[in-house]
Amino acid sequence: MTENVSPTIATVCSHTSLQIFDGARKEGFRTLGICLGAPPKFYDAFPGAKPDEFFSVASYQEIIEKSPELIEKNVIIIPHGSFVEYLGASNFARLDIPSFGNKRVLEWESDRTMEREWLTSAGIPMPVEYNSPDEIDRPVIVKYHGAKGGRGFFIAKNRAEFEEQIDDTQEYAIQEFVLGSRYYLHFFYSPLRDGGYRVGDGTLELHGIDRRVEANIDELYKIGASSGIDPSFVVTGNLPLVLRESLLPKVFELGERVVARSIELFGGMTGPFCLETICTDTLEFKVFEVSARIVAGTNLFISGSPYSDLIEPRLSTGKRIAQEIKLAIEMGRLGDVVS
Ligand code: ATP
């Protein structure tokens, strides 16, 4: 990729694409939307976020075959949750097209065991995980491997309830069910910027906080605990949140530890990442997942959040990604933020 020609910012037309295109355009980049088949009509409804160019593929796998064409167009791809999911983490990791962020994070994030090793070795409190149902001594949540959006997960208060519900033809993990308030913390780590909250040689930013709205667990209380209906955890949307201000030091400590350990383990995370947490009634955070890219909850804050506004008015994560690429080009350090 040539640093003297301004790259085009590209992503798959889904998930956080509106915000990514809007932010890229505001920073002066051309934009390209990768779509399945014909360009989606809904972009016509949002002129500010409609990409300058569409690139149609018959299947997501075709992105791999057509990567020379995308490289020729001098694109930088912005990975988001759907992009990596549709293509498959291992295919994405092998993609030749320059991509924002450190691709090495994928192997640590997409494997539950490695993710746990990363976070716990960073000193991050996580829900207890049980090796066998015999060890269940408190309410647990059972997670099937590769389940999308929490589909099929179930809660068991004891061993008997576990046996009643388990489908042991699938691989699963048994995790302590942590009762508390969920906060999805949207961080951004810049290895380039000076000032701010320092971690390593870079800056850690908090751009916003959301909570995922999940059907039907969120509303189950309305028909009573004895309804007999099994809870499901299917994400349908996102709500904005702010934290008690006195909890912010703890939140930054979590972000700092995760980044510092990522630098030691695999050269560091660059750009947006999200810690999915539960804050208990003793005001302790447990982290049940890390997403090492832009998450859908940031869509709430396309015009800024109560946190990002204090970095720069109306700053979205999409815009911040474009700023980081621009800064890297100016500094001649594109290789530090693109892999
Ligand atoms: P994604 O990959 O989209 O983040 P997933 O399918 O891996 O989702 P999780 O995010 O791990 O699933 O969990 C789905 C939901 O289950 C969470 O949003 C939360 O409501 C609940 N949950 C997960 N782990 C726990 C836990 N240890 N205690 C209580 N609730 C939990």
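For ligands, and for the atoms within them, numbers begin at 1 and follow the listed sequence.
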Worksheet item: Checking Arg25 side chain against Gly48 main chain: does a donor-acceptor pair fall under 3.5 Å?
Response: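 Answer holds: yes.
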At less than 4.0 angstrom from any non-hydrogen atom of [X], what atoms of ligand 1 do you find?
X      : result
Glu276 : 4 (O), 10 (O)
Ile141 : 16 (O), 21 (C), 22 (N), 23 (C), 25 (C), 26 (C), 27 (N), 31 (C)
Val178 : 26 (C), 28 (N), 29 (C)
Arg212 : 1 (P), 3 (O), 4 (O)
Arg182 : 18 (O), 19 (C), 20 (O)

Worksheet entry | Stepwise ring pair (Phe, Tyr, Trp, His ring centres under 6.0 Å) check, Phe54 with Tyr43 | CA-CA 11 Å; Phe54 284 102; Tyr43 283 96; 5.6 Å; yes
Side chain, backbone, both or neither: [X] near ligand 1, heavy atoms under 4.0 Å:
X      : value
Phe177 : both
Tyr144 : neither
Ile278 : side chain
Lys286 : neither

Relative to the ring of [Y], is the ring of [X] parallel (under 30°), tilted (30 to 60°) or perpendicular (over 60°)?
X      : Y      : answer
Tyr172 : Tyr144 : perpendicular
Phe288 : Tyr184 : perpendicular
His186 : Phe301 : tilted

Item to complete: Using distance alone, determine whether Pro127 and ligand 1 share an N or O pair under 3.5 Å.
Response: no
Worksheet entry | Arg112 N/O under 3.5 Å from ligand 1 N/O |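 In this structure, Arg112 places no N or O atom under 3.5 Å from an N or O of ligand 1.
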Worksheet item: Any luck finding a side-chain donor-acceptor pair between Gln19 and Asp22 under 3.5 Å?
Response: no
Fill in: Glu284-Thr282 side chain donor-acceptor pair, cut-off 3.5 Å
yes
Item to complete: Could you tell me whether Glu205 and Arg193 make a salt bridge, using a distance below 4.0 angstrom between a side-chain N and a carboxylate O?
Response: yes
Discussion item. Give me the atom names and distance for the closest heavy-atom approach of Arg159 to Ile136.
Written reply: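 Scanning both residues, the minimum pair turns out to be N-CG2, 4.2 Å.
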Item to complete: With atom 18 (O) of ligand 1 as the reference point, say which of Glu289, Glu214, Met126, Glu176 has the nearest heavy atom.
Response: Glu214
Worksheet item: Heavy-atom distance to atom 23 (C) of ligand 1: which of Glu109, Glu129, Lys143 wins?
Response: Lys143
